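Down below is the structure, laid out as structure tokens.
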Amino acid sequence: MSNSKQVNPDQDIQYNFAYLIDTSDSVGNNTLRQAKDAYTNLTESLIETGIADVSQFAIIPFGSDASLQTPANATEVISTIEGLSGNGFTNFDAALNTAYEFFSSQPSGTKNIAYFLSDGYSTIGGSFEDSAKSLQEVADVQAYGFGLANIQELRIIDSDQPDIVPEASELASKFSASVGGLISSNPESVDSNTDRDNDIEIASAPPSETNQAVEDKSSDSTGQEIEKKDEEKLVDDSGVGSPLELSEPETPSTSPELEISDVAGLGADLETSTDRELPVVDIEDISIEEGDSGSSTAQFTVNLSSPATEEVQFSYETIDVTAASGSDYNQTSGQITIPIGETSAEIDVEINGDTEVEPNEEFTIKLSELSSATFANQQTEYSKAVVIENDDVIENSTIVPTDETPITQIPDNESLFDGNILDLESFNGEVTIDFAVDGNASYRNSAGLYKIDDAQGTITDPITGNQFTPSDGEAYTQLAIQLQEPNLELSLDAQNTITTLEGGSNYGLLFFTNLDGDSPEGNEVYFSFSEANSDKIEHIRSLGNNTLGLEDLFSGGDNDFNDMVIRADIAQI
């Protein structure tokens with residue numbers, strides 16, 4: 001790096017650095033390249049400041065699991081970073097535990113610093129809160145995220161406040177800035193009383209040049225005035241030939257002795273972590289019965305994660321999904337201001353009633369042009385779905401056509417879905433179900449069913465007898481796919497599919513997205529249980545009236561849940 005200065009830290013102090021680098025499949029080759037460049041730049045900064053000379057390093061790449069590499073020196077650190085490649089899911093717990101083991105093996109009295117980097121959520125390995133707390137007890141943990149990284153999860157990991165950037169290419173300046181902060185906060189490196197000749201350069205005049213003005217390195221106008229004032233004080237107008245004594249500085253809050261101009265170059269603009277944390281905006285879930293006539297009001301509550309420290313403003317508008325503005329509801333738009341100190345605001349939308357028997361209908365409300373707050377995952381827009389619940393029922397006829405075998409009559413409003421799972425526990429024997437599929441997806445998707453042991457989604461390996469829950473990550477994903485009902489594929493290509501399932505059982509849904517690989521986000525499989533999803537976000541939602549809505553974009557996308565809409569009806573018991 002240009003203009004950097006050798007700091008020569010105290011040789012009695014050992015630094016230990018752990019680089020925890022997310023190398024899961026979701027990172028992508030180009031983004032991983034940028035992340036590796038950032039860690040390389042960080043290491044070069046430590047080399048040029050001399051900190052690397054008294055440091056031990058650990059490289060901890062993590063995907064489905066984590067590994068520990070301990071290069072012998074900083075040069076080997078860079079070559080190790082260059083050799084990293086991506087694979088697997090994302091296991092925060094394994095990475096944090098590996099870092100803890102590394103720091104715990106170091107002697108006491110060392111300065112331990114961990115740089116943690118990820119692009120998303122922990123998708124495997126379960127809870128990592130305990131391992132994060134353990135690591136924070138032995139090290140200063142700095143968590144960084146980019147892209148769709150989850151700020152809430154990074155807050156658990158970071159010792160203070162995490163930092164998220166939109167693009168991985170911006171990480172290099174963040175890392176460099178942290179090195180500048182490390183130097184400026186190191187007591188040994190700024191102690192003006194030390195007699196170490198090679199420490200940070202002292203700008204006060206040497207003994208043989210007592211009359212020379214103390215040079216202030218500030219380039220602003222205030223610094224120039226101070227320098228000029230000090231020069232005037234040193235002018236000998238008393239007629240006495242002996243030099244004047246330097247007076248004590250009147251304002252010691254700024255240390256003029258330290259020449260920090262070169263050190264500042266290490267961290268670009270020496271960014272600090274003093275950026276205030278903006279409140280996060282979201283909207284509570286809402287559904288409303290349409291009614292038989294007149295209109296009713298759907299009221300959205302827009303919440304802030306913390307009270308506004310200045311006025312929060314945003315625009316809103318309603319957008320049709322399966323509901324039509326003007327007939328099912330009245331389209332609305334406008335701008336909302338949440339005053340200082342408040343944490344919520346309301347948006348009202350009129351819903352129009354009718355007596356027509358129809359499926360549940362849906363529209364979304366979109367927020368944009370947000371100021372003084374942020375949406376989750378640093379998105380520029382935020383959408384929330386509203387379900388208009390059908391409350392009109394067809395009268396079932398009990399007339400049986402001549403010469404046809406009567407079938408079991410299905411009770412009115414028989415509920416087949418319990419939340420997001422297909423619930424057939426109340427039926428005996430085989431149940432024939434007619435699935436109707438519709439949707440507005442941009443990519444080719446499909447869905448299937450797999451038998452689950454209970455409403456929590458537990459499944460059992462038929463060979464080993466081992467049980468897995470949705471929080472078991474990749475192991476759960478692979479077994480659920482193996483347990484998928486054969487010869488059943490729900491897709492827009494086959495809009496009606498009839499299949500026979502076992503009564504007395506529950507079934508979860510698998511949703512396979514982007515089968516042609518057209519989406520830049522890649523293909524994913526999502527489940528009825530959000531904790532089994534790679535992004536921990538709900539992708540399958542009950543729309544009522546035996547209908548499920550599916551969202552195919554990673555991290556919730558536009559949250560319209562109309563990429564695939566599946567309705568189930570019993571054909572025969």
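The first residue in the sequence is number 1, and the count goes up from there. Predicted model, so just to flag it, every value in this text is computed and none were measured. Values reported hereafter were calculated over all heavy atoms of this structure, with side chains retained and with hydrogens, waters and symmetry mates removed.
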Requested in this report: Report the C-alpha separation of E485 and T499 in whole Å, then their side-chain angles, then the decisive distance to 0.1 Å, and conclude whether the side chain to side chain donor-acceptor pair (under 3.5 Å) test is met.
Outcome: CA-CA 10 Å; E485 285 294 306; T499 191; 5.9 Å; no
Requested in this report: May I have the step-by-step check of side chain to side chain donor-acceptor pair (under 3.5 Å) for N112 and N16, ending in yes or no?
Outcome: CA-CA 5 Å; N112 300 329; N16 300 309; 2.8 Å; yes
Requested in this report: Would you sort out whether Q69 and L84 count as a side chain to side chain contact (heavy atoms under 4.5 Å, CB included), showing the intermediate values?
Outcome: CA-CA 11 Å; Q69 302 180 52; L84 297 180; 4.1 Å; yes
Query raised in the report: Are E137 and F103 close enough, and set up right, to give a side chain to side chain contact (heavy atoms under 4.5 Å, CB included), and what steps lead you there?
Result: CA-CA 10 Å; E137 291 175 357; F103 287 127; over 6 Å; no
Report task. Start with the C-alpha gap between L304 and V312, add the side-chain angles, then the distance that decides, and say whether side chain to side chain contact (heavy atoms under 4.5 Å, CB included) holds. Result -> CA-CA 9 Å; L304 300 180; V312 173; 4.0 Å; yes
Requested in this report: List the steps and the verdict of side chain to side chain contact (heavy atoms under 4.5 Å, CB included) for L171 and Q34.
Outcome: CA-CA 8 Å; L171 289 168; Q34 294 171 340; over 6 Å; no
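Atoms CD1 and CZ, from I157 and F116 in turn, are 3.5 Å apart once rounded to the nearest 0.5 Å. From S426, atom OG reaches atom CG of D418 across 10.5 Å, with rounding to the nearest 0.5 Å. Atom CZ of F512 and atom CE of M564 lie 11.0 Å apart (nearest 0.5 Å). Taking CG of N533 as the reference point, atom CZ of F511 lies at 10.5 Å (rounded to 0.5 Å). Taken to the nearest 0.5 Å, the OG1 atom of T374 stands 6.5 Å off from the CG atom of L278. Atoms CD and NZ, from Q142 and K174 in turn, are 12.0 Å apart once rounded to the nearest 0.5 Å.
For the pair S24 (side chain) and T90 (backbone), a donor-acceptor distance under 3.5 Å is absent. Not one N or O on the side chain of N466 forms a donor-acceptor pair closer than 3.5 Å with the backbone of D461. K366 places no side-chain N or O within 3.5 Å of a backbone atom of E317 that could act as its donor or acceptor partner. Between the S528 side chain and the L509 main chain, a donor and an acceptor come within less than 3.5 Å of each other. Between the side chain of Y100 and the backbone N or O of A139 there is no donor-acceptor pair closer than 3.5 Å. Side-chain atoms of N303 do not come within 3.5 Å of backbone N or O of D282 as any donor-acceptor pair.
Between L68 and I60, the closest side-chain pair of non-hydrogen atoms falls below 4.5 Å. The shortest distance between side-chain heavy atoms of I283 and I347 does not fall below 4.5 Å. Side-chain contact between F435 and L449: present, with at least one pair of heavy atoms (C-beta onward) separated by less than 4.5 Å. Counting heavy atoms from C-beta outward, N97 and F128 have side chains that stay 4.5 Å or more apart. Annotation: side chain of E551 is in contact with side chain of L553 (closest heavy-atom distance under 4.5 Å). In this structure the side chain of L483 reaches within 4.5 angstrom of the side chain of P462, judged on heavy atoms. Two residues are said to be in side-chain contact when any heavy atoms from C-beta on lie closer than 4.5 Å; L416 and L422 meet this criterion. The shortest side-chain heavy-atom distance between T318 and S325 does not fall under the 4.5 Å cut-off.
Every residue meeting the ring pair (Phe, Tyr, Trp, His ring centres under 6.0 Å) condition with Y144, not counting sequence neighbours, appears here in chain and number order: F175. Under the ring pair (Phe, Tyr, Trp, His ring centres under 6.0 Å) criterion, Y382 pairs with F375, not counting sequence neighbours.
Listed here is the closest heavy atom pair of A143 and L154: CB-O, 3.9 Å. What you find for V281 and A373 is that their closest heavy atoms are CG2-CB, 3.8 Å. Here the closest heavy-atom approach between residue I433 and residue A568 is recorded as CG2-CB, 4.0 Å. Counting all heavy atoms, side chain and backbone alike, L492 lies closest to G439 at CD2-N, 3.5 Å. Nearest approach of I59 to P61, heavy atoms of both residues: O-CD, 3.4 Å. Taking both residues in full, the closest heavy atoms of L550 and A447 are given as CD2-CB, 4.4 Å, listed atom of the first, atom of the second, then distance.
The pair E153-K536 fails the salt-bridge criterion, with no side-chain N (NZ, NE, NH1 or NH2) lying under 4.0 Å from an Asp/Glu carboxylate O.
No option in N514, T513, D552 other than D552 meets the side chain to side chain donor-acceptor pair (under 3.5 Å) test with N445.
Using cut-offs of 30° and 60° for the angle between ring planes, the Y526 and H539 rings count as parallel. By the 30° and 60° cut-offs, the orientation of the rings of Y19 relative to Y39 is tilted. Using a 30° and 60° split on the angle between ring planes, Y476 and F529 fall in the perpendicular class, above 60°.
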